[in-house]
Number of protein chains: 2
Amino acid sequence: MPKVGMEPLRKRALIDAAIRTIGERGSLDVTVAQIAQEAGVSAALAHHYFGGKEQLILATMRHLLNELGQDLLGALHNARTPSARIVAVIAVNFSAAQFAPQTIAAWLTFYVHAQQSDETRRLLRVYARRMHSNLAYALQQLTDRETALQIAEGTGAMIDGLYIRHALRNGAPEAAKAIALVEDYVTTKLAASERSRAAL
Amino acid sequence: MPKVGMEPLRKRALIDAAIRTIGERGSLDVTVAQIAQEAGVSAALAHHYFGGKEQLILATMRHLLNELGQDLLGALHNARTPSARIVAVIAVNFSAAQFAPQTIAAWLTFYVHAQQSDETRRLLRVYARRMHSNLAYALQQLTDRETALQIAEGTGAMIDGLYIRHALRNGAPEAAKAIALVEDYVTTKLAASERSRAAL
DNA sequence: TTTTATTGATTGATCAGTCAATCAAGAATA
DNA sequence: TATTCTTGATTGACTGATCAATCAATAAAA
């Protein structure tokens, strides 16, 4: 046997390099050669392990999704009450790992890529559905179903919007401010729904 | 003078073709030849009138921004009260013209392009600032400054988020639902701030 | 004729993907 | 132990396709 067991290491290095390269450039218009160089290997090796650029991109996306999923699981693990779960879901989206400029830039390019690639669109839907169902479930324990779904929808949209704004580095709010804004939306809506129910 | 006055017609046709082509493809990875063909002219003519691809793209973006600005002006013209102005600003963002799949797809690609192009980023900032200041101004007549800025921030983020989400949906264009969600956010927040001031 | 409009053909650059050839480390063999 | 296989790892060089940009040439209107 030759120098063995390189495959998982190389794949991981290439995926990390892809995130960095895409994130720095802010575009999927990165060459395989650029990614490979960032990973310290040849472009041919990237093709060897992934089969093609598209598959490398998809693998990169799956990796980001998986990371997000792991973060979410970890955050929910310690959250016992519904409101703690809501706070956890919001916090995960703005955690250091997820809110890093390169990560955000990469996500944004994937959103655009989803318009051309069915598989990319499918993967993004998985992420959106997971976030939504986690939020909606926790909210339904605090208010009626209809209101819960509405808040979940609004929360998701606001989070995505804060993401996109942060990617442009406008006067975009920092993570802490973004969290506060979203949490304020949820608590205000919950308070309003409590009041409307008390009035019945 | 020869066959004269073609320039503005051709430029407009090329810009319209660019919006259609970019919107349909969902990417800035469209060739000048594709845009030119969609406009019914040769690729060389596109270069002749715009000087290059980047300038054609920027002209297209300015056109979309201008259209949005005109829509906004028109909507605000008939709005006399602050709340009517808020409703108008929200409505403009989800008007038929702005919420058309191709337009949304084009906007999304520009957001990504902004990460590479300073001029694109600058143009997007102009749009964001205009929306924000219009909202913030109207809101400050209904609540305190700090709360007004917070609501304006949240509203802008939510609108952007609904945009990006709409771009990924296969069907179900729900402009009305999106408007309702954003308006609900504003009215709920305003009601809460009124209550908190009454409590003083 | 002069000026604008318009294009086909061409060029130079860039890239994804391919391939044949090397490298190196452990296994088999003598 | 020393030597020769075996095979995954790795790459440089090459190819075919694509595209932005250029240019010389033509058409047509004034």
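Applying side chain to side chain contact (heavy atoms under 4.5 Å, CB included) to B:W107 and the options B:I164, B:L68, B:I22 leaves one that passes, B:L68.
Of the candidate nucleotides C:dT7, C:dT6, D:dA20, D:dA20 has the atom lying nearest to any side-chain atom of B:K53. Out of D:dA21, C:dT18, C:dC15, the shortest distance to the side chain of A:H47 is found at C:dT18. Listed nucleotides D:dA20, D:dT11, C:dT6 differ in distance to A:L45; the shortest reach to its side chain belongs to D:dT11. Side-chain proximity of B:A44 to the nucleotides D:dT22, D:dA20, D:dG12 is greatest for D:dT22.
Contacts of B:Y49 with the nucleic acid, taken as non-hydrogen atoms under 4.0 Å apart, involve only primed sugar atoms and P, OP1 or OP2.
Taking only side-chain nitrogens and oxygens, A:R10 never comes nearer than 4.0 Å to OP1 or OP2 of D:dA9.
A donor-acceptor pair under 3.5 Å is absent between the side-chain atoms of A:D144 and the main chain of A:Q140, judged by distance alone.
Between A:Q34 and A:H48, the residue whose closest nucleotide on DNA chain C is further toward the 5' end is A:Q34. Checking A:A33 against B:S42, the closest nucleotide of DNA chain C that is more toward the 5' end is the one next to B:S42.
Computed from coordinates, the A:L28 CG to C:dT14 C1' distance equals 17 Å when rounded to whole Å. Taking atom CD on A:E7 and atom P on C:dA25, their separation rounds to 19 Å, with Å as the unit. Between A:I35 atom CD1 and C:dT14 atom C1' there is a gap of 15 Å when expressed in whole angstrom units. Atom pair B:L9:CG and D:dA29:P shows a separation of 15 Å (rounding to whole Å applied). At whole-Å resolution of the value, CG in A:L56 and C1' in C:dG17 are 13 Å apart. The nearest whole Å value for the distance from the CD atom in B:E54 to the P atom in D:dA21 is 9 Å. Across the protein-nucleic acid pair, B:Q37 atom CD and D:dA20 atom P stand 13 Å apart, rounded to whole Å. Summarising the geometry, the separation between CG on B:D29 and C1' on D:dC19 is reported as 11 Å, rounded to the nearest angstrom.
A donor-acceptor pair shorter than 3.5 Å cannot be found between the side chains of B:S27 and B:T109.
B:L45 and B:V32 end up in different hydrophobic clusters when Ile, Leu, Val, Met, Phe, Trp and Tyr side chains are linked at under 4.5 Å.
Counting only heavy atoms from C-beta outward, the side chains of B:L168 and A:L124 approach each other to under 4.5 Å.
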